[in-house]
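Everything on this sheet refers to the single structure shown next.
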Amino acid sequence: MKPPITAKVPYGGDYNPEQWPEEVWTQDYRLFDAARIDTVTVGVFTWGLTQPAMDVYDFSTLDRIVDRATAEGRRICLATGTGAHPAWLARAYPEVTRTDFEGRKHRYGQRHNSCPSSPVFRELSAGIAGRIAERYAGNPSIVAWHVGNEYGGACYCELCAAAFRDWLRARYGTLERLNVAWYTTFWSHTFGDWDEIEPPSALTEHWRGPNHTAFQGITLDYLRFMSDAMLANFADEKAAIRRHSPDVPVTTNFMGMYRPIDYHRWAPHLDFASWDNYPPDDRSPEWAALSHDLMRGLKDGQPFWLMEQTPSFTACRDVNPLKRPGVMRLWSWQAVAHGADAVLFFQMRAGRGASEKYHGAVIGHSGRDDTRVFREVAELGGELERVGGAVLGARTPARVALLFDWDSWWALELSDGPSRLVRYQQVVLAYYRARWEAGTDVDVVAVTADLSGYDVVVAPALHMLKGDLAERLEAVAARGGSVVTTFLSGRVDEDDNAFLMDVPGPLGPLMGVRIDEWDAREADVVNPVLLKDGPEVASRLVFELVRPVGAEVVGTYQDDFYTGTPAVTRNAFGQGHGWYVAAGLDQEGVTWVVRQVLARHDLAGPYADVPWLESAVRVAPDGTRLAFLLNHNADPVVVNAHAGGTDLLTGDRVERGGPIKLGPRGVLVLRED
Ligand code: GLA
Ligand code: ZN
């Protein structure tokens, strides 16, 4: 038995050998050796195997899988297997299946299909997790526990309705307080009994779909409740694991910017964060960069695991593009550059049947090692081995924080008015992209994060303003920092009720503006904005009419009855500034504003003006700086090195000021002198 390798980035991924005969496993491990695969995630969908009937347990297959991985010297990320429940369970206890938004009670099928409030599901999922932990906890090859899989969706059954009422009782204490929070005098909704409260669905408060509700407060609370209900499922299993395994870290795989689950509320309950990176297209590396930074921000900047990515293509989309040569490697290093301490794939070998038979895998159906994809995986394995433990535990030295808030996301997108065309992720992404192009490291953090260490705080579409956030943002500016916010910020309190004051609510003093009116137009209507000593850019979707109350005007609308009035302002506050961007500026406009701010704090990176060249820094626990350069171009790029050091991928020396040549989609990991 070989002991697992530890002083390097775990490399491997989801491995489901229960789907094929054992002779194939030998071939699998020969190929894993060839590709330097040292970590396997096993058991993710094995509940049906490990508990084939109510009081029957059968660990024979999982034993063989775990024993084999152990004997082969792999690290094991062992799953509890509860991402899909067994068929017998749904038949014996129909309560475990969900009722959907339309009110349809589901029968057995699919996965991620369990009602989070079902006592039977809660007891049995924790039960199987505990038995697995009990059985395997002593195995030193197990480096992490993987609970469930991609928690998400929602349930609207009677059990959830009852649990929602309990959750509301705990939150509000009295119906009087609930009625105030939900603003129920509107449309005669005053609740006189907790049992009158219904989950907000197509049968109750909604029309058209999940974003169209008569009562934002009710829907918002249901989103919060559902996120908490699934968190309780995770916590059930984690507690069961902890009874047998006190030290091995527990995680579950998140999905980056996934709207239904408030990962900030979950994060304290995970020992480390992990997530599955499936970018919506192959053209926007900033989307993945933002998602990585969001995941790193979940636990105070501690490294996370890239739990899944496809080596080649997905299968679940209508059209599933193939990752071009070099892209899998580039995106893997991008994850590491942003704080990943593991690089894992879905999946190690392609299954033969069902909906993922055409999903990409390290090993395809024919089991070859001479495919392009396998070769690239093996080459990356070699690189990760060469880099060894150099990146492990390294942190991002960011001076800029970008606030990301699920409550604001929900409130903004549930809102009737001003515009359904404003999408939270897109606004956030535009501001993130501006800093991405500038090569400035950023922490993407919750609104509750400590902001006292940042020079710049960017808060796009901060629709809901909670707690003492306004004061903490003021403190950033007061000590010389810059705070940037946008249209539709500072509008509502924690209950989604408007502030009884001028827009932008408690942000008013910091921003030095007052907004009485706003205009929303179709996507093709452009109002040009002329920026002071800058370009004329386009603005779209929402146009707030700004009256400066002390702020200086930085950009003005060029059209309509509000032509000449402010669209961008900057307010001196203490030693610093509050910037307000009152309209949906195009990328050029957003980039211009963000660059002004970064320039004031001298925060643009050394390669700020090289298109599609991403840079990021991590600082190892011993203080060593690691600079990552990622060429997202299909052509080579040559730049002059900002620092001297050693290229960890090749061992070559890099001289400060000397040329760095990055091939198409090339990567440099520079250990600075
Ligand atoms: C998710 C799941 C995996 C698999 C992949 C396919 O991330 O966790 O089980 O379905 O998607 O892309
Ligand atoms: Zn339910």
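Just so it is clear, the model here is predicted, and its values are computed rather than measured. Counting starts at 1 for both ligands and their atoms, in listed order.
- Ranking protein heavy atoms by distance to atom 7 (O) of ligand 1, first place goes to E308 OE1, 2.4 Å.
- Distance from atom 4 (C) of ligand 1 to its nearest protein heavy atom, with residue and atom name: E356 OE2, 3.3 Å.
- In the model, N139 has a side-chain atom that pairs as donor or acceptor with a side-chain atom of T70 under 3.5 Å.
- The Zn ion (ligand 2) lies at the vertex of an angle of 110° between the SG atom of C157 and the SG atom of C155 (rounded to 10°).
- For ligand 1, the polar-atom distance check against D276 finds a nitrogen or oxygen pair separated by under 3.5 Å.
- By the 4.0 Å heavy-atom criterion, R111 is counted among the residues contacting ligand 1.
- A donor-acceptor contact closer than 3.5 angstrom is absent between the side chains of S114 and R122.
- No hydrogens or angles considered: nothing links the side chains of E18 and T46 as a donor-acceptor pair under 3.5 Å.
- Ring-plane geometry between F32 and Y29 is classed as perpendicular, the angle between the planes exceeding 60 degrees on a 0 to 90 degree scale with a lower cut at 30.
- Aromatic ring orientation, F225 versus W167: perpendicular (interplanar angle above 60°, classes split at 30° and 60°).
- Atom numbering of ligand 1 starts at 1 in the shown order; those under 4.0 Å from a heavy atom of N149 are 2 (C), 8 (O), 9 (O).
- Ring planes of W287 and W275: tilted class, angle from 30 to 60°.
- The H359 neighbourhood of ligand 1 comprises atoms 6 (C), 12 (O), with distances under 4.0 Å to a heavy atom of that residue.
- Considering only heavy atoms from C-beta on, E356 comes within 4.5 Å of F346 through its side chain.
- Annotation: angle subtended at the Zn ion (ligand 2) by C115 SG and C160 SG is 100°, to 10°.
- Those atoms of ligand 1 with a heavy atom of N253 less than 4.0 angstrom away are 8 (O).
- Taking every non-hydrogen atom of E150 and a distance limit under 4.0 Å, the qualifying atoms of ligand 1 come out as 1 (C), 2 (C), 7 (O), 8 (O).
- Here the shortest heavy-atom distance to atom 5 (C) of ligand 1, taken over F45, Y278, F313, W275, belongs to Y278.
- Relative ring orientation between W436 and H632 is described as tilted, the plane-to-plane angle lying within the 30° to 60° band.
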